[in-house]
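First comes the structure, then the notes that go with it.
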Amino acid sequence: MSEPSHPHRSHTCGELRPEHIGQRVKLSGWAYRVRDQKHNVFIDLRDHYGVTQLTFDDSQPELIARAREVRPESVLRVVGNVVAREKPNPKLETGEVELRVERLEVESPCETLPIQVQIPKGESDRADEEGRLRWRFLDLRRERLHRNIVLRDQVVRHMRDHMHAEGFVEFQTPILTNSSPEGARDYLVPSRLHPGQFYALPQAPQQWKQMLMASGFDKYFQIAPCFRDEDARADRAPGEFYQLDMEMAYVTQEDVFGVIERMYAALPEKVQVPGASPKRVQQFPFPRIPYWDAIDRFGTDKPELRFGLELCDVSDLFASSSFALFSDAIGLGGRVKALRIPGGAREGKGAVRRLEKHVKDLGYGGLPHLIYGDDEVGGSIAKQTTPEERAGIRERLQCASGDLVVFGCGSRAAAAKVLGEVRLEVARQRSRGLSVREVGEVFAKTRQPTLRAAIDAGGYVKAFRISRLALAGRDWRSILGEEAVRAGEDGTAVLVSAWEKKGPTEGPLREALHPKVLKTFEKLVGCAEGDVVAIAAGTSEGSSRALSELRSRACQALDLPDPDVLAFCFIVDYPFYELDEEGQLAFSHNPFSMPQGGLEALETQDPLDVLAWQYDICCNGVELSSGAIRNHRPEIMYRAFEKVGYTREQVDTEFGMMIKAFKHGAPPHGGMAPGVDRTVMLLLDEPNIREVVAFPKNQRCQDLLAGAPGYVYDRQLRELGLRIDLSAHGTRCPHCGTEAPPREHVDAHGYRRVGCDRCIPGASEA
RNA sequence: GGGACCGUAGCACAAUUGGUUAGUGUACCGGACUGUCGAUCCGGGGGUUGCGGGUUCGAAUCCCGUCGGUCUCGCCA
């Protein structure tokens, strides 16, 4: 048989199927797992496309000897024959065949791995954040991260396709530009040709897209890098991130919403996460919620709409109350708001304390609450309130026995905000366990017949847990469906059981779960007494789909956020101004948005009542973007800025480019800029933005792989006319923290560095 | 800049809550094994418990400082 002629491969590692049996093929890839049985050696060869099992036997002693020497993550090139497997592996796409190797070359051997690409049993792929960043190219080989980056491409591609299909033109705008009017700190780039002057990296291409509108391009978009020197969050990358930046001329905000909601509504079907349950959009068109409505109902301007538990205004019940905390707040023009947590009292005193601790950790004073029993009412403010007031609350909120009612008071926003935090915390606590986990290991040897058949055919067992569903006196069987054992149409088996101290109550799951592995399972899934647990076995997709269906049913019945649902909304009618900490009038959002009512509103209304054509898009409690219909009228802009203390001259100098453009025929225009990274996080259920970025920075904005930021050569600084002066940065060495004033040094390589004498040895003083 | 939690072998985690020689898994090295597939079994090497100081007869454990990590408030569209 002739050898495949391509120097590296004839097929990929995800390609071989039974129809290739008998062919002679060449594969290249990484040695993923090596299973050495001396007389038989198996190597799983992995590339971007999949995994193929290579086999070696002792008919060729020299070959198998070399196969046994192969170290994980070495790059191999092999030639061999595709044969059918004696025992297929349903977990691999190529699992029906294997490659009987006849030639093996180690193209690029791998040293001992600093982090393992194959995740060891019982370990998390999230462990050792620093090591992951330092060895990012290895981390990126791991299944989940590799998959995330590929899915990110699908998201970005969908965004591009959608925007083009809607008639938008893609642009690239300057990266070296000047400081823009957004509020964050700038990254500055010193200019060599103009010593002492600086470029700024764009915080967003805001000014440029408005220039393009003034230039007549009508519909602009860009997958735009944005640079902001601000501190990180779990969902906010430090330094840089990407937005789908878009802007349109001659539009209302509804025109902008249409483009964006069509893009997001189509996204879940364009991006399928392998092995995960599909996402669906809760409501289309997306609800438009006025800013103050969102605050009043959810206590936040980024409401989580996947479950109810809305806040209720009870100010009228306490207007003349003898309970001073509430009546004083109302007397000062504020509100008293209440949130009913159904069954909240049945979850024990610990649950109330946890909620109280949560709000205290966030800086609130405490959490006044009432506990409604069959007849009596308890709780922290039971003694300070009258029976009439407590009955009024019971009636207003339709309280049942076992409900917990928590209160917030203060200004309209403050009263709602604390309850908004409680609302989210309740949902967080109650939805613990809802995420689907792979638990195949526990059931590897089960003899439960339905499960056994499904595992053998599909290879996967997954599980989720509903916290305390069986405790709350609810009929969990009717919520989830009658039978404890089900076989789905595609051969997927589903087992459901409530949980007691000793384990599952239902026979089938008890039978499937060997007593020896019960503890392992309980630890893995987090089962506790009163929980209800569902497991499904079959293919990766089949088991996910079956569980997803069950879970959605439970979430609906229990008022929990369904992990498979995307609840988008637009928040509209933001206030144009607000008062800052010193009580001064300030722009509440973007100073370049158009006030509703235009110049007349600015002249005649109380500034705090003026609304802006300013909006946000949120999903599942996460802000994806804000945007606005812009203010393209210089006279309105001067007046708007005047109110916050800017003179005409200041506006002209600071925003010269914009004002100039708007004085030469600018179209009405508006847009928004949804975050690309956050969109991907949402779709992939990733809790941290680093999981969807190929080369992220750590919290302190360092790239541990590239070693950025770093010192530069002394001559570079001289060319730029710069000196380093750390006198305003304390008297500690930035490396070791010792109390030794850092000094500038030029080290042996010519780098200009800062540190104490101990940290930069051998350096000569600059 | 503030707060919370964390830091033990390359990596993940233990250490009966202050008590003998700091353990287990994985990775690494060696051995056994003819169909494995997260292989299994046996053996071996590997530790300044982040660093500095303090309390104590005795510190991985308690206290202070510091460095590093994650989350969070401030900040941020």
Side-chain angles (χ1 to χ4, degrees), chain A residues 32-44 51-59 64 71-73 85-92 94-95 98 111-133 135 138 181-185 203-204 206 226 228-238 241 243 245 301-302 357-358 360-363 438 440-441 444 459 574 581 587-593 614-617 623-628 672-675 678 687-688 690 698-700 702 704 730 732-739 759:
Chain A
Y32 193 28
R33 286 179 284 254
V34 181
R35 292 178 292 280
D36 175 4
Q37 288 182 296
K38 191 172 192 176
H39 302 289
N40 274 305
V41 172
F42 303 91
I43 296 177
D44 289 340
V51 175
T52 300
Q53 174 163 283
L54 313 177
T55 72
F56 303 81
D57 60 41
D58 52 6
S59 62
I64 195 172
R71 301 171 61 99
E73 293 307 310
R85 283 219 208 178
E86 288 174 21
K87 217 165 100 193
N89 181 352
K91 286 192 178 183
L92 293 183
T94 62
E98 62 191 6
E111 298 181 355
T112 300
L113 289 165
I115 67 169
Q116 286 159 251
V117 173
Q118 183 205 159
I119 313 296
K121 199 184 269 186
E123 288 183 27
S124 151
D125 57 357
R126 310 300 167 79
D128 187 26
E129 286 286 338
E130 195 178 340
R132 291 180 60 198
L133 294 177
W135 298 91
L138 294 176
E182 277 95 16
R185 278 182 281 265
Q203 295 184 20
Q206 183 67 34
C226 303
R228 291 179 197 158
D229 187 1
E230 294 295 343
D231 291 344
R233 285 285 182 281
D235 62 354
R236 193 172 83 200
F241 61 94
Q243 291 182 336
D245 194 39
D301 66 347
K302 38 184 182 181
K357 183 177 184 307
H358 179 73
K360 280 184 173 169
D361 286 348
L362 292 171
E438 231 263 277
E441 159 199 3
Y574 273 82
E581 308 89 60
F587 289 111
S588 74
H589 252 56
N590 184 329
F592 297 104
S593 63
Q614 166 84 43
Y615 39 81
D616 275 14
I617 180 170
E623 182 189 324
L624 290 172
S625 168
S626 60
M672 63 197 315
R678 277 193 192 174
N688 193 292
R690 289 186 297 270
N698 69 3
Q699 192 160 40
R700 299 199 306 152
Q702 294 166 304
L704 298 180
R732 288 183 185 282
C733 169
H735 305 283
C736 63
T738 53
E739 193 70 36
C759 287

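Every chain is numbered from 1, with letters handed out A, B, ... down the list of sequences.
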task: May I ask you to verify if any side-chain N or O of R71(A) is less than 4.0 angstrom from the OP1 or OP2 atom of rC29(B)?
output: yes
- Message: Under 4.0 Å, heavy atoms only, any strand: does T52(A) hit a base, just the sugar-phosphate, or nothing?
- Response: nothing
Exercise for review: Inspect the contact between R35(A) and D44(A) and indicate whether a charged nitrogen and a carboxylate oxygen are less than 4.0 angstrom apart.
Suggested key: yes
Touch check for E98(A), heavy atoms < 4.0 angstrom, all strands: base, sugar-phosphate only, or nothing? base
Q. Within the modelled atom types, does a donor on one side and an acceptor on the other bring the side chain of R236(A) and the base of rC76(B) under 3.5 Å apart?
A. yes
Separation of rU36(B) atom C1' from L92(A) atom CG, nearest Å, is 12 Å
**Sugar-phosphate, base or nothing in reach of R690(A), heavy atoms under 4.0 Å** = sugar-phosphate
Does R700(A) reach a base, just sugar-phosphate, or nothing at all? Heavy atoms under 4.0 Å. sugar-phosphate
Between CD1 of I64(A) and C1' of rC33(B) the distance, given in whole Å, is 12 Å
- Item | OP1 or OP2 of rG69(B) under 4.0 Å from side-chain N/O of Q702(A) | yes
Review point. Heavy atoms under 4.0 Å, any strand shown: does R233(A) hit a base, just sugar-phosphate, or nothing?
Key: base
D36(A) CG to rU40(B) C1', in whole Å, measures 12 Å
Would you mind classifying the nucleic acid contact of N698(A) as base, sugar-phosphate or nothing, using non-hydrogen atoms under 4.0 angstrom? sugar-phosphate
* To do: Would you classify E130(A) as touching base, sugar-phosphate or nothing, given that sugar-phosphate means primed atoms plus P, OP1 and OP2, and contacts are heavy atoms under 4.0 Å?
  => sugar-phosphate
What nucleic acid atoms does Q118(A) come within less than 4.0 Å of, heavy atoms only: base, sugar-phosphate, or nothing?
sugar-phosphate
ask   = Hey, is NZ on K357(A) packed in by over 12 heavy atoms from elsewhere, all under 6.0 Å?
value = no
From CD of Q37(A) across to C1' of rU34(B) the rounded distance in Å is 7 Å
query = Does E129(A) come within less than 4.0 Å of R690(A), counting only side-chain N to carboxylate O?
reply = yes
